[in-house]
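Everything numeric in this text was worked out from a predicted model, so none of it was measured.
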Amino acid sequence: MDITFEQVDYTYQANSPFEHKALKDLSFHLPGGSFTAIVGHTGSGKSTLLQHLNGLVRPTSGSVRIGGHTLEPNKKPKQAKELRKQVGIVFQYPEHQLFEETVEKDIAFGPRNFGVPEKEIHKRVEESAEAVGLDLSLLSRSPFELSGGQMRRVAIAGVLAVRPRVLVLDEPTAGLDPRGQREIMDMFHRLHKEQELTTILVTHSMEDALTYADHMLVLDKGEKYMEGPPVEVFQQRQALQKVQLDVPEIFQFLQKVSERFGKTVVYEGEDIDRLAKQLADLAGERE
Amino acid sequence: MNNLLIIGQYVPTNSIVHRMDPRIKMLIIFFYVIFIFFANNVFSYALFTVFAIGGTLLTKVPWRFIAKGLTPVWFLIVFTFILHLFVTKEGTVLVNIFGLPIYSGALEQGAVISLRFFLLILLTSLLTLTTTPIEITDGVESLLGPLRRFKFPVHELALMMSISLRFIPTLLQETEKISNAQASRGVDFRTGPFRERVRAVIPLLVPLFVSAFKRAEELAMAMEARGYRGGEGRTKLRELRVMKRDVAALILFIVVVAAALITRDYS
Ligand SMILES: Nc1ncnc2c1ncn2[C@@H]1O[C@H](COP(=O)(O)OP(=O)(O)OP(=O)(O)O)[C@@H](O)[C@H]1O
Ligand SMILES: [Mg+2]
């Protein structure tokens, strides 16, 4: 599903002394099937932006289009439930939303609400539990007896079981062990490819943005600061530093190499072998 | 968060009222609430009104914000007024509305009671508008201090108060987050039959309780880890101190009350 923001403003607690403009004049277009990373310093409005994607909030001014749905100020969206069925959001620390007696029931909660037939539900529960790497023996346990990492996986499975067309992820791996982070991100990437999802990932990890995304949006204080393919955005190291963002290690490394050899090596997403060869050539030239 | 009800919301404008000693503010409000019932003529009411309005102006909190915050109370005030109009039967008949006589005494009484009600709410909401929860609890602890002699757990009460006040915004935030998450999983809190909506509360309440208990446990552990041993021999980082402005406010208040007591009708 295509996603379009047109001059979106969003203000928290409008008309009070606590008024806070969280999004300002934000416009962008994400084609269906794309994988977009949204990055920005803490408080830059990333989570606020995400809440627009399934109509939890409506823009204060401007408009948001998600597939055939339109969100505008002062206008209740039609078929809000249909929109929520198609857009699955994994919130920051999603394990806080668990509440059922068993893991199985909790994963089934979303599909049941959206009217998936009972016979189908069981299949989906097992399928999504497997996808997130949960042992099926855990399904009958209480979610509150699990470890933090396992709870996170249950919560993610609960979103996947609805089979959304748009997958929205708000720092889904924050606080997990490094290996778990890799596994979960790889799983999202695989699903994105297999089911041709439109994926939006909010992350503080520039490495993840580079590895998984094909498009990138940089926010600063609620405004769009940069937009483009990650390999292009990360070329602009200084501009990113201005808004307290780093670039992935490989860019830092290549910049050091460029300084050392007095010749720029540009990373354009090529694989490591070719990059190594380029560097070897450089070293050869110098000898 | 809820911007309908301002009672309990602090608005930092750093006015002179904000900088006053919370104990003085509480004392003034306490006695204001008592003495306003002694007012019984135009002059004494005018004094109390000017005092409350003047105090409000000094806080520098925008009028529109206060007026909006009192929305639910406006309704009560107007309702009280109208009720009095039709129920009280004193004085002379002024007009007839749909055959119902409106007495002059009713108009007077309705106006007086609504005004009193309005002033009480206005002044008490000034306390929370201009005083942080910490200051309020410090003030309460200090004012209740003498009760300690009778083994009244003053410090514990103040601590409980400050902890609950501190966690109200956190709980509201948490509620909003969880309800967003469950709404995204297809829960409908707003429409549908009553029974469905009651059931929709469970996915909200369970996580909320779980996290509140977890928070309480963590807080208790953190307090112990930092050597909290109750109130005995405990000193304060910010001592409350009565300043010139507090004395001035107190004197002004006493003058207003005295003037009101002198000018009221004793017949
Ligand atoms: N419910 C709310 N009421 C008032 N202001 C809010 C609310 N939620 C967020 N804000 C403010 O809006 C701004 C953007 O918040 P948001 O949560 O979107 O940031 P973020 O980019 O997701 O940050 P982080 O990386 O820390 O998650 C912040 O300055 C925040 O203080
Ligand atoms: Mg966020």
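- Proximity to chain B is absent for every atom of A:Tyr93, based on heavy atoms less than 4.5 angstrom apart.
- Of the two parts of A:Gln92, neither the backbone nor the side chain holds a non-hydrogen atom closer than 4.5 Å to a non-hydrogen atom of chain B.
- Taking the six-membered ring for Trp and thresholds of 30 and 60 degrees, A:Tyr10 and A:Tyr12 have ring planes more than 60 degrees apart, a perpendicular arrangement.
- In this structure, no portion of A:Lys85 lies under 4.5 Å from any heavy atom of chain B.
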Applying ring pair (Phe, Tyr, Trp, His ring centres under 6.0 Å) to A:Phe188 and A:Tyr212, what does each step give before you reach the verdict? CA-CA 9 Å; A:Phe188 282 134; A:Tyr212 301 106; 9.2 Å; no

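- Contact of B:Ser211 with chain A is not made at all, since no heavy-atom distance falls under 4.5 Å.
- Heavy atoms of B:Val187 lying under 4.5 Å from chain A belong to its backbone as well as its side chain.
- Residue B:Arg199 places its CZ atom among 12 or fewer non-hydrogen atoms of other residues, nucleotides or ligands, all under 6.0 Å distant.
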What's the verdict on salt bridge (charged side-chain N to carboxylate O under 4.0 Å, His left out) for B:Arg23 and B:Glu141, showing C-alpha distance, side-chain angles and the deciding distance? CA-CA 10 Å; B:Arg23 291 171 299 182; B:Glu141 187 173 0; over 6 Å; no

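- Using modelled atom types, one finds no donor on one side chain facing an acceptor on the other under 3.5 Å when comparing A:Gln13 with A:Glu19.
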